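Report on the structure given below.
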Amino acid sequence: MISSAEWEIMRVVWAEGQLTSRQIIDTMLAISEWKEGTIKSMLNRLTKKGILTQDTTVSPFLYSSSISMKEATLTRTDDIMANSCNLDHAGIVAHMIENNTFSQTQLQDLVSLLQVKMQTAPASIACQCAPGQCHCHISQTSHSKEKEQIV
């Protein structure tokens, strides 16, 4: 997984394709308040994670990404959804739509996608969380206790 700080370095690499460490460092120094040592540490960490590759056949070494920005973004989004309750997914998507800017064409594409998705959507979905991981089980437990008290 790419941390938020590492993401900033990756954006520079994704924008240019291949860069030397000096080019990455100079760009990051110009757009952030980080120290050179911090940037070098993050380059090393990203290389160890396999997210950045280092071409050592040329001098100076060239860094490039082993994953596209789109792939990294989709993985990050999939992680968010996988680590949240199924019943919260629509709220997460709604939040993303409400808090970001989209063109009319992009929004029409989303409407079309939702219309297609609606054709095969189940009437309801179930919570997939283990007990104690979300509010659903708490609500079910208190609801069950209320039912027991009534009976």
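The model shown is predicted, which means the values in this text are computed figures rather than measured ones.
- Annotation for L62: hydrophobic cluster partners, listed by chain and number, are V58 (ILVMFWY side-chain heavy atoms under 4.5 Å, direct or chained).
- Hydrophobic cluster membership of I125, counting Ile, Leu, Val, Met, Phe, Trp and Tyr whose side-chain heavy atoms lie under 4.5 Å apart directly or via other members: L87.
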Could you give the side-chain donor-acceptor pairs of residues 38-51 under 3.5 Å, partners two or more places apart or in another chain?
from, atom 1, to, atom 2, distance (Å)
K40, NZ, E36, OE2, 3.3
S41, OG, G37, O, 3.0
N44, ND2, K40, O, 3.4
R45, NH1, E6, OE2, 3.3
T47, OG1, L43, O, 2.8
K49, NZ, M1, O, 2.8
K49, NZ, E6, OE1, 2.7
K49, NZ, E6, OE2, 3.2

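- A search for side-chain contact (heavy atoms from CB on, under 4.5 Å) contacts involving L107 returns F102, L110, not counting sequence neighbours.
- The local environment of CE in M81 is crowded, with over 12 non-hydrogen atoms from other residues, nucleotides or ligands closer than 6.0 Å.
- In terms of the ring-ring contact (aromatic ring centres under 6.0 Å, His included) criterion, residue partners of W14 (sequence neighbours excluded) are, by chain and number, W7.
- Within the 4.5 Å cutoff, the side chain of C85 has heavy atoms near those of the C136 side chain.
- Side-chain contact between Y63 and I24 is present, with at least one heavy-atom pair separated by less than 4.5 Å.
- Remark: S32 engages no residue in a side-chain hydrogen bond (donor to acceptor under 3.5 Å, both in side chains) (not counting sequence neighbours).
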| field | Verdict with supporting geometry, T53 and S66, side-chain hydrogen bond (donor to acceptor under 3.5 Å, both in side chains) | value | CA-CA 6 Å; T53 58; S66 62; over 6 Å; no
| task | Any chance you could lay out the side chain to side chain contact (heavy atoms under 4.5 Å, CB included) test for S84 and I92, step after step, and finish with the verdict? | result | CA-CA 9 Å; S84 61; I92 293 167; 3.4 Å; yes
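- Both I31 and M69 belong to a single network of hydrophobic side chains, linked directly or stepwise wherever heavy atoms of I, L, V, M, F, W or Y lie under 4.5 Å apart.
- Tracing side-chain contacts under 4.5 Å through hydrophobic residues (I, L, V, M, F, W, Y), one never reaches M10 starting from L74; they form parts of separate clusters.
- The two residues T20 and P60 make their nearest non-hydrogen contact at CG2-CG, 3.5 Å.
- Hydrophobic clustering (ILVMFWY, side-chain heavy atoms < 4.5 Å, transitive): W34 and I2 are in one cluster.
- When all heavy atoms are compared, the tightest approach of N100 to M96 is ND2-O, 2.6 Å.
- The shortest distance between side-chain heavy atoms of M28 and V12 falls below 4.5 Å.
- Open room surrounds NE2 on H95; 12 or fewer heavy atoms of other groups in view lie less than 6.0 Å from it.
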